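Reminder, nothing fancy here: chain letters follow the sequence lines and each chain counts from 1. Since the structure is predicted, the reported quantities are computational estimates derived from the model, not experimental observations.
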Amino acid sequence: MHTEVELAGTDGTTRDDGGVFDGLTEAQARAVRHTEGPLLVLAGPGSGKTRVITRRVAHLVRCGIPPWQILALTFTNKAAAEMRQRVLGLLGEGAAARGLTVTTFHALCARLLRRWADVAGLPGLKPDFAIFDSADQAALMKKTIEGLNLSTGNWPPRSVLARIGEAKNDLQDAEAFAARQHDFAGRTVAKIYRAYQNALRAAGGADFDDLLVLTAKMLRENAAVRRACRERWQYLLIDEYQDTNRAQFVIASLLAGDGRDGRPPNICAVGDPDQSIYGWRGADISNILDFEKAFPGAEVIALGENFRSTRTIIDAADAMIRRNTRRRHKTLFTGNPRGERIDAVSCRDEHHEARVVLEWLRARRAEGLAWKDMAVFYRTNALSRVVEDELRDAGVPYVVARGTAYFQREEIKNAVAYLRVVANPADDVSLDRVVNTPARGIGDATLEKLRTVAADRGAPLFDVLRDLASGGAASLGVALTARAQNAVTKFVRTIDNWRDAAKPGAFMGADTPGDYETGALAELVERVVRESGLEAMYRAGRTETDEERLANLAELVTSAREFEETFDPGADPVLTDPRAAAAGERRTPPDVLTMLHAYLERVTLVADADSVDPAQGAVTLMTLHAAKGLEFGAVAMVGLEERILPHARVAEMPDELEEERRLCFVGITRAMKRLLMTDARYRSFRGVAERQIASRFLAELPPDLVRHTDQSGEEFGAGVGALERPDPTGASARAVGKPARARAGGRALAEGALVRHPQFGVGRVESVTTGQGARARIRFRDVGVKTLVLEYARLEMIDEG
DNA sequence: CACTCATTCCTTTTT
DNA sequence: GGAATGAGTG
């Protein structure tokens, strides 16, 4: 990266020793200068937070602190990468920063656990544990609930997981949780909690929450581990401190110490209580509100001056956020010009809203702003689709910030599941996914028998498969066809072959002394993609999506290669001795299995926000949550309606209103120059148009700062959206889109007709049903056959056929 | 055992 | 509007 350019361009600084203080305000400089003892930096939006953090790290190093004694923690990989990049820019890429640890909470915990799990007395957790993401968690939870003969209808896996997650964030293990439950529902959840943890450990897994909880437990209960960590990291810096939960607070406190050993807690927490938006995930805003209670004698520095936005935007944001009660007073102000008023437009429905947003963005473009300097924010992901359609139809380039999307794709999940089984054959969840994908004759009936054996033995399923492969069905006491047995044997061989290839000291099956060769991991990934049959499976399909899938699999190999190339054992907090790393000493190179673990860790811990890349020349679409920490010249916020922002949940949980207001505050303060906020009078949820009320937050903005136009009564362009335009009265909205006969674009639809779908493109109708919920089966030229509900599918008639 | 078709449910936000 | 699940057929 061009760190030098960036450095000179944004700061005007040089590499001179005094450079770290150049261009800083008095308050910023104080925060940089403070090195010993607890420090809390209350950094308002656009107050130069990142700059302060990076300068502070550079200053510490300049003061003679060895870089490997510094630990900087963030919440996202992107934030970590950015911070590292900027620090390196200040210090130079060379040895000056070697050993500096900049990472996320979750990644740090994963590493610490791998390093010490077996010595720290964490029952059942093996160092090669797999990290279970939310999809894995849900799958395992479903199995667990069914295993207890409970119904997933009464005990929805997602809500049970949410409850257990809350308990975990509060550091209650299954026993502690059980002790607090007195009613039937609570006791049942406690039972599920215990069973879930057992299943998780049996599968050699740890979920996201476990990473934090177990690390907190380990640091608390194991003095040796605690000492080792404290010895290594003497200076602790935590970004977005307002988002820390109880477990993270405990980890931070234990790493910082309480000063009783004669060393002051050198913890620097940076954050803004007004931007705390992860309360639902267990983040505890009291951590930052009561920082001085936890760390007596802490210095507190408020950065209230905003360098990002116009005065209008800052004044509006400040007026709104002042209504919150749970906050630390901090006046927002800016020396920037007043700028334009905020645009607020009331629209007729979501399609009209999308059109309004499009035209507004075009106007900004006409004023000379680049697409990449514009963004659209929304409260829920579901709101993005209509905007996407509009931008796509208009030919406006856009990207949706969905970093996890790539790894959620079926083909990638499959390939990753194979890799996870290679890394850890006990991972039953991943094994379930791949054992018969692609179909290889190991069907449900066969698996059911083998699962029973595994359950009886209390062993992972793969062990049973392996025994079957070597000893035959009779040895397990089950009856299986020879065909099934052969299929299993072949599968086990395949997996074991890969494992052998990845074993320490082995290189693609052959023993290779000496260094780890870059490319070995990518080669393993490539082999898995090919030999698993996944490649052949997607190659067999000839549709465009199959081609896309093949391309994605190829991309996975590339990503593994890139990972290898950028992997730096010296930067790893626990793999190598930091002093040795700092001295540039060569260490034992990692084996392929170690690399595989590290790679899977990386793959599992990606977040949506990680994928935001403003370098592309496109409008960025994202949730308000993902927007935190970013800035754009022009921002459009859609869906400013009651039950959306603030979210409907507030009706039941009034306490959450303040967090919704903070979310709105975060959105507003991302805008540098121009801001548009829209609401729609009618909006469709699950296909039903509902009457909407403008958000109370709009009314909280000082009227003189806003230019409001009400277009909700106006007519707008007919055409594509005509079918589902709701009736203005709302009462008969459903009737409008439900003609007795199947129609598209107002014309009768019959077999053989040629139609266009806004997303799927051109297709021919194969069959059609009439009446309530009329559907048409359409063969699309590009995406294959789809069955669409005519009421919702915005079909355009090309030829009646 | 694999594939196709129909029904159900869905909706916060994410490491 | 669509994904995920479940029933039924070849």
Please check the phosphate of dG1(C) (OP1 and OP2 only) for any side-chain N or O of S684(A) closer than 4.0 Å.
no

In whole Å, I'd like the distance from the NE2 atom of H647(A) to the P atom of dT14(B).
12 Å

Please determine whether a side-chain nitrogen of the Lys or Arg among R662(A) and D274(A) lies less than 4.0 Å from a carboxylate oxygen of the Asp or Glu.
no

Regarding the side chain of N381(A), the nearest nucleotide among dC1(B), dT14(B), dG1(C) is dT14(B)

What is the separation between atom CD on E388(A) and atom P on dG2(C), rounded to the nearest whole Å?
12 Å

Where each residue is assigned the nucleotide of DNA chain B containing its nearest heavy atom, which of R440(A) and Q137(A) is assigned the position nearer the 5′ end?
R440(A)

5'-most by nearest nucleotide on DNA chain B - L447(A) or T104(A):
L447(A)

Mind calculating the distance between CZ (F75(A)) and P (dT14(B)) to the nearest angstrom?
15 Å

Whole-Å distance, R158(A) CZ to dA4(C) C1', equals 13 Å

Find the distance R385(A):CZ to dC10(B):P and express it as a whole number of Å.
18 Å

From the candidates dC1(B), dA2(B), dT13(B), the one with an atom nearest any side-chain atom of N436(A) is dA2(B)

When you check the gap from the basic side-chain N to the acidic O, do R649(A) and E660(A) get nearer than 4.0 Å?
no

Which part of the nucleic acid, if any, lies within contact of T446(A), taking any heavy atom under 4.0 Å across all strands shown: a base, the sugar-phosphate backbone alone, or nothing?
sugar-phosphate

In this structure, how many angstroms lie between the P atom of dT13(B) and the CD1 atom of I644(A), rounded?
12 Å

Kindly indicate whether the side chain of E82(A), heavy atoms from C-beta on, has any atom under 4.5 Å from the side chain of K78(A).
yes

Atom CH2 of W280(A) and atom P of dT14(B): how far apart are they, to the nearest Å?
6 Å

Rounded to whole Å, how long is the line connecting atom NZ of K168(A) with atom P of dT14(B)?
20 Å

